[in-house]
Every structure is written in structure tokens, then in C-alpha cells.
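In what follows, chains carry the letters A, B, and so on, assigned in the order in which the sequence lines appear, proteins first and then strands, with residues in each chain numbered from 1. Since the model is a prediction, treat every value here as computed from it, not as a measurement.
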Amino acid sequence: MELKNYIKNLIETALIKTNVPADIYHIVEEPKNPEFGDLSSNVAMVLSKNLKKAPKEIAEELIKALDLDDKIIEQVTIAGQGFINFKFSRKIYPLLLKEVIEEKESYGKNNSGKGKRVNVEYVSVNPTGLLHLGHGRNACIGDTIANLFSWNGWDVTREYYFNNAGNQMKNLALSIFARYKQLLGDKDFPFPEDGYHGEYIKTIANDLLEKYNSKFQNGSDDDLNFIRKFGENWCFEKINSTLERLNIKQDVFFNEDSLYHNGKIDKLIADLKKLDLVYEKDGALWLSLSKMGLKDDRVIVKSSGEPTYRLPDIAYHRDKFERGFDLLIDIFGADHIATIPDVLAALKYLGYDSSKVRVLIHQFVTLTENGEQVKMSKRTGKSYTLDDLLDEVGEDVVRFFLIMRGISTHLEFDLGLAREQSEKNPVFYLQYAHARICSVLDLAEERGIYLDWNPDLTILENNYEIELIKKILKFKETVWISCDKCEPQILADYLRELANAFHVFYHECRIIGVEDKLQDARLHLALAAKTTLQNGLSILGINAPERM
RNA sequence: GCGCCAGUAGCUCAGUUGGAUAGAGCAUCAGCCUUCUAAGCUGAGGGUCACAGGUUCGAAUCCUGUCUGGCGUACCA
């Protein structure tokens, strides 16, 4: 039972009874100050304007109309400017806790997305280099959001979109070729102006040399094509191994090139022409964004005959629509922001419901240590890659740090803090709570204490116990909100609060060695806390260690 | 110039579509281990919510303007 929904329904039923339209927007929330009660409603204040009555007066009438079950609600009071505060009977919490224990590893799941399909597109890095911190943020956000949708009952497709055809890939081939020639002794062989300068290009060239010797030194078209493919495979292998370390596995790898081969690009152009949304000018094909309410028209096919990225982007999203998803989520870095309004506008004019596309823009990541920005890895002397970071602090810390801030804010990754294997590190705080519980449960088992299949949890009634129970019960709602808002950070924050509630309970309440019935009830409470922590951590893709 | 994001404690950040006394972690200071993991717990100090107006019962939150930082603003992706 969801307590918030219960109260909300109670109020709405009362509103109908008193002939007030029940569709008014009102909030049921936990008051900051626990003295005010367990849940609080602002409905009287919201209504006061429409009804032209004092909030307190409305609240009084409403309370009379509430159908109260005194087994559930102990007290209803009016306070402040007109808040209606509800206090639950302490007896209901243990009953709800029982449900948590019974649901085990599925506690927290709900069916709000049942029958609906969502496509989450993330990472989507072209195979021209290694993953960096920004990609890591993208990957961790995307994977966590995909997990959240899954927990909310959605059928989730995790997708990676890439382009292995365009200019960038030519550039990759030319960059590798130049390094290759240099390795072959032609020290002054010119490096392409817009080439990829990373050290990894030299590594690829070196691998190429070791494997094929001087076979490609002429640099013919065939040679360059081979080198391009070699480079692509090399990069993908690295990208995949990094993602694997983060335990990220995607379902669909969508190749942009397929849109050209299966005619979807041509069809898109034809359809846009039919709708009179494109025109030719200076030998190029322009998209009439001004007709769609945007400011400037943009080129979608260059005078050279090559498309710009906008064209396949539109075709790709159209393809996703055609695959029948109810929701399309794109996870982009802040540098990709410019194209979004264009793509959405075009989709809308092509007859698709562009409100089904949800674009999440995350801001950049900066790596700092002792307040100073870190650009190069101390260990390798090269620019800092996601792999370097994983080597240094491990996957749990990386995953947690990259989602622990709101998506839209800049993220400062404090390397010093991340390296700290102590109480300063927020990841360990969560994991420690889990390990602590495991250790208590182990000790119980060692001493031959077995959990009663039908525990009397009503014995749990002190504040520390109740606070922990309330926190555990909040998990389900948190999984929903975090998904609805597409903010993994909400879940991360919640888990810290949950861990804190457990640590306080543990500190104040002896579990093993107290009177049998109480011991059993507290062991069950610890078990419920463990389950909740474990489930929460699994959504974040973080391990829940049994020992630390 | 224009667009998007941000500006909250010394630092890094929360603040649940406007609610009661603005919160947390780190840092600082002071306490708590002969009993289940001290990677823990308790307490203290620390604020002009960038600035100025406006909207109303009520604003960190909404509107307008200004300032500061980041990212964009291609016939690159």
C-alpha cells in the first residue's frame, strides 16, 4: 500500500463528497518537521482562492468529510496557514514492512510502464577514439535510466547509434596512415590538419605495423579502406571493453550507414519534398526550418552530394518511431544541443508525435584534484580516459560519482575524494551499510538464530526503528520519481538517507542478544534494509558487497 | 548578438511541477569503541538562496531585467 496515494484518494473522495471538483492540483508530502505528522496536505490552501474562504475553514469541513479508518490513521490536525496533517498509527508500519520482506529482490518494482516500450539511446560514440569522462557520464546516466524504466515495468531497449562512414572515419584512416608512415621511417610524413592527435592513434598504427608490416605503405584507396576498418575495429574493441568494465550492455547497435542502404534516407528526402519542406539553393538541399517555426534554414545535403548529420539524425528518429516505441529517450552531452530542435521540428511536420521524444542533456565533467583541474593522467602521461579512471578508482566509484549530481549541472569529479577508501567516500558509505547488515545476519546464523517465518513486527516501535521503516517504505516511490524525472541522482540521494537511517538504528538498537521476539523483529528489519539497499544499488549498477 | 544550462554554507551539491524554522556530504571544532564491522554515531559553528524589481495568503522555486561562468550558434558529428 502506498501511503501517499492512500491519503490522496482519501482527500479526493472527501472533496467529491463536499461538492468540490476533485481534479484540483494538490500535494501530499512529508513535512520537514516530523512534529507536524507523517504526511501533510496543502489542499485547503490551494482551494482557498477558488472558494473564497479561509484555508482553515475549508480544512475543517474537509476533515469532517474524511472517511477515516482509525486502524490506519491515528490523528488528523490542522496547522499553520491551513495544512492538514496526518499521523499514522504506528501499527501499520510493521505490516507494510512485511510486504517488503516478502517481495525480496523485486521490492521497489512497479507496473506503471506495463505494456509500454521505451528506447534509451546512450553512449553512441563513433569508433574514432577512446571513451573519456564525458562519455562515461553519458553511459552511466543512460544505463541507470534504462534500469529505472525497467524497474517501473517498461519494456526497455538499450541502443547505441554510430556512424562508421562519414568524414570522421576518413580522417581516422588518414591519421593512422600518417602515424604508420612515420613509424616506417618517413619521419616528416605530414599529419592531416584535422587529424586525431591522440596517442592511441600511434598505438593503432603500431598494431597495424606489427600485424601487416609495410603492406599498406602506398596508401591506395584500398589500403586506406582497410586501415579505416582496422581502426574502427580497434576503437570498438576498446570502447566495448570499457563499457564491459562498467557492466553496461546494450541491445541494439544501430549503424547510421544502414539508413542509406535500406533507402530510408531517400524516402525521407522524398517525403520532405512532398511536404514542401526542402528547397535547393547554391547546389545544396536546404531544410525549411523557418516554415516550421524555427529561425534559420539548414543544409541537409551539401553541394558535394554528401548529407549533413541532420538528415540521418531525422531518419534515425523516424526509424525509431516506426519501430513502435511509446517513448524515445536520447542522452546527449551539452555539445549536441544545437541539432535537437531541428530534428524534433522535422519529425513533427512528418506527422510524428515529437512529445514522445525526451532529450536529456547532461553538462560536462571536469576532473579535479586538490581543487585543481586534472587533464593528463599522471600514470600514463596522456589525456585522461575513462579506462584510466576505472583503473584508478574502480567501477563502483565511477558509476556512483557520475550519477550523483543532477544531469543538468556541471559535474566536478573529485579524484582525491574518489580515491579515498574511507568514510569520506559516499559510495563506501552505502556499501558499508550493506556489508554491516550482512555481517549481522551472518553472526545470527552462526549462533543458530533463525528468522521466524511469521514474525511479530509490531514490537518495533521506537523512533529509530520507525524512522528506518519509513525510509525503507519510501523506496518504491523514489524508484518511480527518479524514473519519471529521469534523474538517477534522486535515487542516489535516497540511498544515502537509507544507509544513514540504518547506521543510526544500528548504533542505537542492539540486534543480536536482546529478548527473542525483539531480536527476531530487528533481524527482519535489518533484512528489509539490506534488500532495499541491494535493490537500489543494483539499479545504479553498483555492487553490494557482503564484506568490506 | 542569439539559444540552452548553471549561480544556494569555506568547497562540492540537494531542495520532490510555489508551502511551515533553506538541507546533506566534505572541511573545521568538540564528544562516543571490554558487547552485532568506528568505512559508524552524536553535537557545534558556518547563509543577503548572484543582484534588482514584479506576481500572492506564501517565492530559492514563477515572470521581467541586469551581472557572472559553461556549452552551442557550420555545406563538422
| field | Nearest-nucleotide 5' precedence on RNA chain B, His336(A) against Lys474(A) | value |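 Between the two, 5'-proximity favours Lys474(A).
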| message | Both Gly80(A) and Pro55(A) contact RNA chain B. Taking the nearest nucleotide for each, which residue is further toward the 5' end? | response |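 In this pair, the answer is Gly80(A).
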Selection from [options] that lies nearest to any side-chain heavy atom of [X]:
X	options	value
Val504(A)	A77(B), U42(B), G40(B)	U42(B)
Glu29(A)	A77(B), C71(B), G19(B)	G19(B)
Arg510(A)	A39(B), C41(B), C36(B)	C36(B)
Ala79(A)	C75(B), C36(B), A20(B)	A20(B)
Gln489(A)	A77(B), C36(B), A14(B)	A14(B)
Lys295(A)	U37(B), U73(B), C2(B)	C2(B)
Gln363(A)	C36(B), G70(B), A39(B)	G70(B)
Asn42(A)	U73(B), G19(B), C4(B)	G19(B)
Lys485(A)	U16(B), C75(B), A20(B)	U16(B)
Ser408(A)	G72(B), C13(B), C5(B)	C5(B)

Checking all strands, does [X] fall into the base, sugar-phosphate, or nothing category for heavy-atom contacts under 4.0 angstrom?
X	result
Cys438(A)	nothing
Asp296(A)	nothing
Asp493(A)	sugar-phosphate
Glu497(A)	nothing
Gly333(A)	nothing
Ser40(A)	base
Ile511(A)	base
Gln81(A)	base
Asp282(A)	base
Asp342(A)	nothing
Ala435(A)	base
Glu546(A)	base
Met45(A)	base
Asp194(A)	nothing

| task | Could you check Tyr161(A), Tyr309(A), Phe162(A) and say which one makes a side-chain contact (heavy atoms from CB on, under 4.5 Å) with Glu256(A)? | result |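 So, applying the side-chain contact (heavy atoms from CB on, under 4.5 Å) to Glu256(A) and each of Tyr161(A), Tyr309(A), Phe162(A), only Tyr161(A) qualifies.
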Are side-chain N/O atoms of [X] and [Y] paired as donor and acceptor at under 3.5 Å?
X	Y	result
Asn255(A)	Asn164(A)	yes
Glu159(A)	Tyr316(A)	yes
Asp414(A)	Thr368(A)	no
Asn543(A)	Asp396(A)	yes

Taking only the [atom1] atom of each, what is the distance from [N] to [M] in whole angstrom?
N	M	atom1	value
A6(B)	G10(B)	P	22 Å
G7(B)	U61(B)	P	11 Å
C41(B)	C57(B)	P	44 Å
G19(B)	G72(B)	P	35 Å
C4(B)	C11(B)	P	29 Å
C29(B)	C71(B)	C1'	41 Å
C62(B)	U56(B)	C1'	11 Å
A22(B)	G54(B)	C1'	22 Å

| Within 45° of the axis and under 6.0 Å from the centre of the six-membered ring of Trp234(A), does NZ or CZ of Lys238(A) qualify? |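 Output yes; distance and angle both within limits.
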| request: Would you please determine if the base of G40(B) is stacked by Tyr432(A), with stacking meaning a centroid separation under 5.5 angstrom and planes under 30 degrees? | output: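 Ring-base stacking flag not set for Tyr432(A) and G40(B).
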| request: Would you please determine if the base of G19(B) is stacked by Phe83(A), with stacking meaning a centroid separation under 5.5 angstrom and planes under 30 degrees? | output: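 The ring of Phe83(A) is not stacked on G19(B).
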| query | Where does C29(B) land, syn or anti, given syn is within 90° of 0? | reply |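 Base orientation: anti.
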Side-chain N or O of [X] closer than 4.0 Å to phosphate OP1/OP2 of [N]:
X	N	value
Thr409(A)	A14(B)	yes
Asn500(A)	C41(B)	yes
Tyr429(A)	C41(B)	yes
Arg436(A)	A38(B)	yes

Measure from [atom1] on [X] to [atom2] on [N] and round the result to the nearest Å.
X	N	atom1	atom2	answer
Ile340(A)	C4(B)	CD1	P	12 Å
Leu525(A)	C36(B)	CG	C1'	14 Å
Asp484(A)	U17(B)	CG	P	11 Å
Ile361(A)	U73(B)	CD1	P	13 Å

| said: Please confirm whether the ring centroid of Phe505(A) lies under 6.0 Å from the ring centroid of Tyr464(A). | reply: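 Not close enough - the centres of the two rings lie 6.0 Å or further apart.
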Please tabulate, for side-chain N and O atoms in residues 76-87 of chain A, each donor-acceptor pair with protein atoms closer than 3.5 Å (sequence neighbours left out).
unit_1	atom_1	unit_2	atom_2	d
Asn85(A)	OD1	Ser40(A)	OG	2.9
Asn85(A)	ND2	Phe36(A)	O	3.3

| query | With a 4.0 Å cut-off, would you call Lys320(A) and Glu121(A) a salt bridge? | reply |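 Salt bridge present between Lys320(A) and Glu121(A).
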| task | Determine, for Lys470(A) against Asp38(A), whether the closest basic-nitrogen to carboxylate-oxygen distance falls under 4.0 angstrom. | result |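 Yes.
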Please table the atom pairs, donor to acceptor, closer than 3.5 Å between any side-chain atom in residues 495-503 of chain A and protein atoms at least two apart or in another chain.
unit_1	atom_1	unit_2	atom_2	d
Glu497(A)	OE1	Lys471(A)	NZ	3.0
Asn500(A)	ND2	Tyr429(A)	OH	3.0
His503(A)	ND1	Arg436(A)	NH1	3.0

| request: List the steps and the verdict of side chain to side chain contact (heavy atoms under 4.5 Å, CB included) for Ile340(A) and Asp330(A). | output: CA-CA 10 Å; Ile340(A) 296 159; Asp330(A) 293 340; over 6 Å; no
| task | Grab the stems for RNA chain B, please: at least three consecutive Watson-Crick or wobble pairs, both distances below 3.5 Å, written as range with range. | result |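 Runs of three or more consecutive pairs: B:1-7 with B:67-73, B:10-13 with B:23-26, B:28-32 with B:40-44, B:50-54 with B:62-66.
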